[in-house]
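A quick write-up on the structure given underneath.
In what follows, every heavy atom counts, from backbone to side chain, and hydrogens, waters and symmetry copies are set aside.
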Amino acid sequence: MHTPFDGSSPPFHIGVSRVALDAWIEVDHELPRYLGEKRRLGQVAPFETFVEEPGTREAQAELLELLCAHLLAHFPAVYRKDGSSLSVIPTGESVALDVSGEAPLRIAAALVQEDLILMRRAENGWRLAAGSLSFPSSWHLREKFGRPMPQIHGAVPGFGVGSKNIGIIERMFDNLETDAVFVRWNWGFYDDGALYHPAPGNGIHHFAGGGDAKHIFLRVERQTLRKLPRSRDVVFTIRTHLNPLSTLEHHPERKRLAAAMMGQIDALSPQQLAYKGLADEHERLLSRLRELTV
């Protein structure tokens, strides 16, 4: 279980750090469940889970090529090349890599637990040019599609048009090296364990009120950035981890982690609390966290 809520990755901070290339993608025992949910969502909500601009197929194919090489090199017990297909050993399924007419990004996303977003540079900055998003954390892929960075993050306090943070992110994308992977974290609280969580009607982060305080889920996103060598597009990956908050009860550092979360929630501004869906619920959440510090 990742613990960026220990104070190392405060909410509403960019907070990127470089990691080894072999740490680009995560694979764990939940791979079959995640891939199964991606397949289901691709059937029932194909329009909501995939987008692509014309002219991005070559970059998508570059990503698929890079991803397959990475998976075969670093997870030989999980992936096996069989002709023009890649077998996912834990699921017993084979994914064809050269389906005529199929978007390579769709194929790539069917291999891993991560969601995959392709960002492309234009005159007005970096925009979302293609994406496979099965596990959104309170946002809609279609609403962000084709938009530049300031509009993508417009609702996030401190990340709107003209903000210092957006300028930093734009320069970071510009200066990414093709042999580097950077990671950042996002985390928040939800009232259920659904992986597919598009935005509610008001567009803010989802954390419903009422109910038993013990039924709170901690959602942690491990996000990576990597620039493709040929197209120079940036691949943004999102690996979603979802656990009941009660999981912390069994963590050896339960008290320290709960106290760290309490401090960060207390430090949020009213606007930040509202965005996280905690404007009316932070006292209930803090009460639950206090129980974990005992």
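The closest donor-acceptor contact from the side chain of Arg171 to the backbone of Ile166 lies at 3.5 Å or more, if one exists at all. The backbone N or O of Arg239 sits nowhere less than 3.5 Å from a side-chain atom of Gln223 that would complete a donor-acceptor pair. At distances below 3.5 Å, not a single donor-acceptor pair connects side-chain atoms of Asp191 with backbone N or O atoms of Ile216. One N or O on the side chain of His251 and one on the backbone of Glu253 form a donor-acceptor pair closer than 3.5 Å. In this structure, Asn165 contributes its side chain and Gly158 its backbone to a donor-acceptor pair below 3.5 Å. Gln272 contributes a side-chain N or O that, together with a main-chain N or O of Ser269, makes up a donor-acceptor pair within less than 3.5 Å.
The minimum heavy-atom distance linking Glu52 with Ala103 is given by the pair OE1-CB, 3.9 Å. The minimum heavy-atom distance between Asp6 and Thr3, with the atom names listed, is CG-O, 3.0 Å. In plain terms, the two heavy atoms of Gly146 and Glu53 that are nearest each other are CA-OE2, 3.9 Å. Nearest heavy atoms, Pro157 versus Phe12: CD-CE2, 3.6 Å. Nearest approach of Ser9 to Trp185, heavy atoms of both residues: OG-CD1, 3.4 Å. Closest approach of Arg222 to Val19, counting heavy atoms only: NH2-CG2, 4.5 Å.
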Just do the salt bridge (Lys or Arg N to Asp or Glu O under 4.0 Å) check on Asp233 and Lys227 with the steps written out, would you?
CA-CA 6 Å; Asp233 290 344; Lys227 183 169 283 187; over 6 Å; no
Salt bridge (Lys or Arg N to Asp or Glu O under 4.0 Å) assessment of Arg230 paired with Glu65
CA-CA 12 Å; Arg230 297 194 299 271; Glu65 177 186 342; 3.3 Å; yes
For the pair Glu291 and Arg254, evaluate salt bridge (Lys or Arg N to Asp or Glu O under 4.0 Å) and give the outcome as yes or no after the intermediate values.
CA-CA 10 Å; Glu291 295 176 6; Arg254 176 195 71 202; over 6 Å; no
Mind running side-chain hydrogen bond (donor to acceptor under 3.5 Å, both in side chains) on Ser138 and Tyr190 for me, showing each step along the way?
CA-CA 10 Å; Ser138 296; Tyr190 282 70; 2.8 Å; yes
Might you work through the salt bridge (Lys or Arg N to Asp or Glu O under 4.0 Å) test for Arg57 and Glu62, ending with a clear yes or no?
CA-CA 9 Å; Arg57 286 285 176 100; Glu62 183 184 5; over 6 Å; no
Determine whether Ser137 and Arg219 satisfy the following criterion, side-chain hydrogen bond (donor to acceptor under 3.5 Å, both in side chains), listing intermediate values before the conclusion.
CA-CA 8 Å; Ser137 295; Arg219 192 178 182 105; 2.6 Å; yes
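With no hydrogens or angles considered, a side-chain donor-acceptor pair links Asp192 and His197 at under 3.5 Å. For the residue pair His241 / Glu221, no side-chain donor-acceptor distance below 3.5 Å is found, with atom types taken as modelled. Side-chain contact check for Thr237 and Thr224: at least one donor-acceptor pair (N or O, by modelled atom type) lies under 3.5 Å.
Judged by the 6.0 Å and 45° rule, Arg121 forms no cation-pi pair with Phe173. Remark: Arg120 is not positioned above the aromatic ring of Trp126, lacking an NZ or CZ atom under 6.0 angstrom from the ring centre and at most 45 degrees off the axis.
Salt-bridge formation is not detected for the pair Lys38/Glu114: no Lys NZ or Arg NE/NH1/NH2 atom is positioned less than 4.0 Å from an Asp or Glu carboxylate oxygen.
A tilted orientation is assigned to the rings of His74 and His70, their planes being inclined by 30° to 60°.
The OG atom of Ser85 lies 9.5 Å from the CD1 atom of Ile107; values are rounded to the nearest 0.5 Å.
Ring-centre distance between Tyr34 and Phe135: below the 6.0 Å cut-off.
Crowding of Glu58 atom CD: a count of heavy atoms from other residues, nucleotides or ligands under 6.0 Å not exceeding 12.
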